[in-house]
Amino acid sequence: DQMVELTGGDRGVGAGIIIGSPIAWATMGKGLVQRERGKLDEAEELFNAALQIADEDGDPETASWTRSNMAHVLAMRGDVDAGIAMARRNCELTERLGDVFSRTLSIANLGATQLVAEDYEAALAALEEAERLYREAMDNGGEMETWRAAMRAEALAGVGRTAEAIELAEWAAEA
């Protein structure tokens, strides 16, 4: 709400500096907070609004990030098949962007959605792929490195690789 106030309602303010639609991104961020609070209805409403704004403003990256978050909400509600289908479709759409950050984030979010579905092997494969692709392109783990590591630790625990999971989780927490 403060961002809208700061821009005087002009969605073009700041557009293209770092992200295509700051208002879509901020709306998605509010949805993410609501999702983490367990307020799934509010999160879904904000994600739908963010998607509409991102589409109207021509911001496919924020649309991708928002679809990933929406997929997670669907899985958290118990509709894991729809969540995973949305996350997979998002990976396909995001692949076209060519941006390594968004591509690997969509793959990692597929893994996060698979974790909710308790499909630990698939989640681990997706998360390892996201990690590998990001490191190959950027020669480091980037700002999402510890988040990916925490999820990989959860997937490792799910497939019974407990010692590796603990080691990775401790590293992520320390980092």
Asker: Which side-chain hydrogen bond (donor to acceptor under 3.5 Å, both in side chains) pairs, counting each pair once, include a residue from residues 119-130, with sequence neighbours left out?
Answerer: Glu129-Arg132
Asker: Cut-off 3.5 Å, side chains only: do Asp59 and Ser21 have a donor facing an acceptor?
Answerer: no
Asker: Roughly how far, to the nearest 0.5 Å, is CZ of Arg67 from CE of Met28?
Answerer: 12.0 Å
Asker: Please list all pairs passing the salt bridge (charged side-chain N to carboxylate O under 4.0 Å, His left out) test where one or both residues lie in residues 158-175, with sequence neighbours left out.
Answerer: Arg161-Glu164
Asker: Show which residues join Leu93 in its hydrophobic cluster (side-chain heavy-atom contacts under 4.5 Å, direct or indirect), or state none.
Answerer: none
Asker: Could you work out, with side-chain hydrogen bond (donor to acceptor under 3.5 Å, both in side chains) as the rule, every residue matching Ser106, not counting sequence neighbours?
Answerer: none
Asker: What distance do Asp139 atom CG and Tyr134 atom OH have between them, rounded to the nearest 0.5 Å?
Answerer: 11.0 Å
Asker: Determine the minimum heavy-atom distance between Ala63 and Ala54, stating which atoms define it.
Answerer: N-CB, 3.8 Å
Asker: Distance from His72 atom NE2 to Leu40 atom CG, nearest 0.5 Å?
Answerer: 9.5 Å
Asker: Would you say Trp25 and Met144 are hydrophobically clustered, going by side-chain heavy atoms of ILVMFWY under 4.5 Å?
Answerer: yes
Asker: Mind jotting down which residue pairs meet the salt bridge (charged side-chain N to carboxylate O under 4.0 Å, His left out) criterion with at least one end in residues 41-54? Sequence neighbours excluded, please.
Answerer: Asp41-Arg77, Glu44-Arg77
Asker: Apply side-chain contact (heavy atoms from CB on, under 4.5 Å) to Gln52 and Glu56, showing your working.
Answerer: CA-CA 6 Å; Gln52 181 176 344; Glu56 289 171 2; 3.0 Å; yes
Asker: For the backbone of Gly141 and the side chain of Arg148, can you confirm whether one donor and one acceptor N or O come within less than 3.5 Å of each other?
Answerer: yes
Asker: Between Asp79 and Ala75 (side chain of the first, backbone of the second, donor and acceptor by atom type, cut-off under 3.5 Å), is there such a pair?
Answerer: no
Asker: When you check the side-chain N and O atoms of Asn140 and Arg135, is any donor under 3.5 Å from an acceptor?
Answerer: no
Asker: Is there a path of hydrophobic side-chain contacts, each under 4.5 Å between heavy atoms, that joins Leu168 and Met151?
Answerer: yes
Asker: If you take all heavy atoms of Ala130 and Ala108, which pair is closest and at what distance?
Answerer: CB-N, 3.8 Å
Asker: Identify whether Met86 and Leu51 are in the same connected component of the hydrophobic contact network (ILVMFWY, side-chain heavy atoms under 4.5 Å).
Answerer: no
Asker: Please check: side-chain N/O of Ser64 versus main-chain N/O of Pro60, any donor-acceptor pairing under 3.5 Å?
Answerer: no
Asker: What's the spacing between Trp65 CH2 and Phe47 CZ if we round to 0.5 Å?
Answerer: 13.5 Å
Asker: Check each of Leu110, Thr94, Thr113, Asn109 against Ser68 using the side chain to side chain contact (heavy atoms under 4.5 Å, CB included) test, and report the only one that passes.
Answerer: Asn109
Asker: Please name the pair of heavy atoms, one in Gln114 and one in Ala126, separated by the smallest distance, quoted to 0.1 Å.
Answerer: OE1-CB, 3.6 Å
Asker: If Ile, Leu, Val, Met, Phe, Trp and Tyr residues are connected whenever their side-chain heavy atoms lie under 4.5 Å apart, and connections chain through other members, are Leu127 and Ile84 in the same group?
Answerer: no
Asker: Write out all pairs satisfying salt bridge (charged side-chain N to carboxylate O under 4.0 Å, His left out) with one or both partners inside residues 99-114, taking only residues at least two apart or from two chains.
Answerer: Glu95-Arg103
Asker: Assess the residue pair Trp147 and Leu105 against the criterion (side-chain contact (heavy atoms from CB on, under 4.5 Å)); give the C-alpha distance rounded to whole Å, side-chain angles, the decisive distance to 0.1 Å, and a yes or no.
Answerer: CA-CA 10 Å; Trp147 174 71; Leu105 187 57; 3.6 Å; yes
Asker: Between Asn48 and Met70, is there a side-chain heavy-atom distance shorter than 4.5 Å?
Answerer: yes
Asker: Spell out, yes or no, whether Val159 and Leu115 are grouped together once hydrophobic residues are joined by side-chain heavy atoms under 4.5 Å, including indirect joins.
Answerer: yes
Asker: Any heavy-atom pair between the side chains of Glu143 and Phe101 that's under 4.5 Å?
Answerer: yes
Asker: So, for Ala71 and Gly83, which heavy atoms are closest and what is the spacing to 0.1 Å?
Answerer: CB-O, 3.2 Å
Asker: If every non-hydrogen atom of Ala24 is compared with every non-hydrogen atom of Ala50, which pair is closest and at what distance?
Answerer: O-CB, 3.5 Å
Asker: For a quick test of reading the model, state the closest non-hydrogen atom pair linking Ala49 to Thr27 and the distance between them.
Answerer: CB-CG2, 4.0 Å
Asker: Hey, could you give me the CH2/OG1 distance between Trp171 and Thr146, rounded to the nearest 0.5 Å?
Answerer: 6.0 Å
Asker: What's the spacing between Asn69 CG and Glu36 CD if we round to 0.5 Å?
Answerer: 8.5 Å
